[in-house]
Enquirer: 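My questions all concern the structure below.
Per chain, numbering begins at 1; letters A, B, ... match sequence-line order. The basis for the numbers below is simple: all heavy atoms, side chains too, and nothing from hydrogens, waters or symmetry mates.
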Amino acid sequence: MNNLRNKVLKLTSGIPKGNITTYKILAEKLGTKAYRAVGTALKNNPTPIIIPCHRVVKSNGELGEFSSKVYKKEDLLREEGIEIKNNRIVDFKEKLYRF
DNA sequence: ATATTGACATTTA
DNA sequence: ATAAATGCCAATA
């Protein structure tokens with residue numbers, strides 16, 4: 001369980017509701033710069049609902065890509081009280097989760 | 001084992 | 001300001 005993937009999943013599942021994070025921050029917290037690998041790990045997530053992958057967004061505040069046929073990032077985040085304007089997160093910097 | 005791709009980020013035009 | 005190019009590391013083929 002030392003793969004980057006497992007770490008990412010673990011951290012992602014630990015994100016509190018109402019908070020968000022970015023691929024960059026996750027990677028930095030894991031001690032790597034593999035921002036892309038973080039996304040790769042999340043897309044391979046085994047438990048989509050358990051792991052709040054929708055709380056992980058891009059560093060510029062955009063939602064980024066998402067491949068869930070049923071859910072969309074904006075809807076899920078709005079459900080958690082996060083405002084989204086024009087595919088960007090409102091006050092996303094203030095809602096960033098500090099590990 | 002090597003090559004290509006990707007749920008990104010940063011820099012340059 | 002937006003758009004394209006380049007770089008990053010892991011995962012997948």
Enquirer: Mind checking Ser67(A) for me? I need base, sugar-phosphate or nothing, with any heavy atom below 4.0 Å counting as a touch.
Expert: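 No contact.
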
Enquirer: Figure out the CG/P separation between Leu26(A) and dA10(C), and round it to whole Å.
Expert: 15 Å

Enquirer: If I take atom OH in residue Tyr35(A) and atom P in nucleotide dC9(C), what distance separates them, rounded to the nearest angstrom?
Expert: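 Computing the Tyr35(A):OH to dC9(C):P distance gives 9 Å.
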
Enquirer: Can you check the Asn44(A) CG to dA11(C) P distance for me, whole Å?
Expert: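 Asn44(A) atom CG is separated from dA11(C) atom P by 9 Å.
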
Enquirer: Answer whether the closest heavy-atom distance between the side chains of Tyr35(A) and Glu28(A) falls below 4.5 Å.
Expert: yes

Enquirer: From the options dA10(C), dA11(C), dA7(B), select the nucleotide whose nearest atom is closest to the side chain of Lys43(A).
Expert: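 Of all the options, the side chain of Lys43(A) is nearest to dA7(B).
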
Enquirer: Counting distance only, does the side-chain N/O of Lys73(A) pair as donor-acceptor with the main-chain N or O of Leu63(A) below 3.5 Å?
Expert: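 Side chain of Lys73(A) to backbone of Leu63(A), a donor-acceptor pair under 3.5 Å: yes, one is there.
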
Enquirer: Leu9(A) has an atom CG; how far is it from atom P of dA7(B), in whole Å?
Expert: 15 Å

Enquirer: Looking at Val38(A), Leu4(A), Val8(A), which hits side-chain contact (heavy atoms from CB on, under 4.5 Å) with Thr32(A)?
Expert: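 It is Leu4(A), the one option of Val38(A), Leu4(A), Val8(A) that forms the side-chain contact (heavy atoms from CB on, under 4.5 Å) with Thr32(A).
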
Enquirer: Is there a side-chain contact between Thr21(A) and Arg55(A) in this structure, where contact means two heavy atoms from C-beta onward sitting under 4.5 Å apart?
Expert: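 They are not in side-chain contact.
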
Enquirer: Could you tell me the separation between the CG atom of Asn3(A) and the C1' atom of dA10(C), rounded to a whole number of Å?
Expert: 10 Å

Enquirer: Map Ala37(A) and Lys58(A) onto DNA chain B by nearest heavy atom, then report which one ends up closer to the 5' terminus.
Expert: Ala37(A)

Enquirer: Whole Å only: how far is the CD atom of Glu62(A) from the C1' atom of dT10(B)?
Expert: 14 Å

Enquirer: Please report the distance, rounded to the nearest Å, between NZ in Lys24(A) and P in dC9(C).
Expert: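 After rounding, the gap between these two atoms is 13 Å.
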
Enquirer: For Tyr23(A) and dA9(B), give me the distance from atom OH to atom C1', rounded to whole Å.
Expert: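 So the two atoms are 12 Å apart, to the nearest Å.
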
Enquirer: Heavy atoms from C-beta onward define the side chain here; which of dT10(B), dA11(C), dC9(C) lies closest to that of Lys33(A)?
Expert: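 Out of dT10(B), dA11(C), dC9(C), the nucleotide with an atom closest to Lys33(A)'s side chain is dC9(C).
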
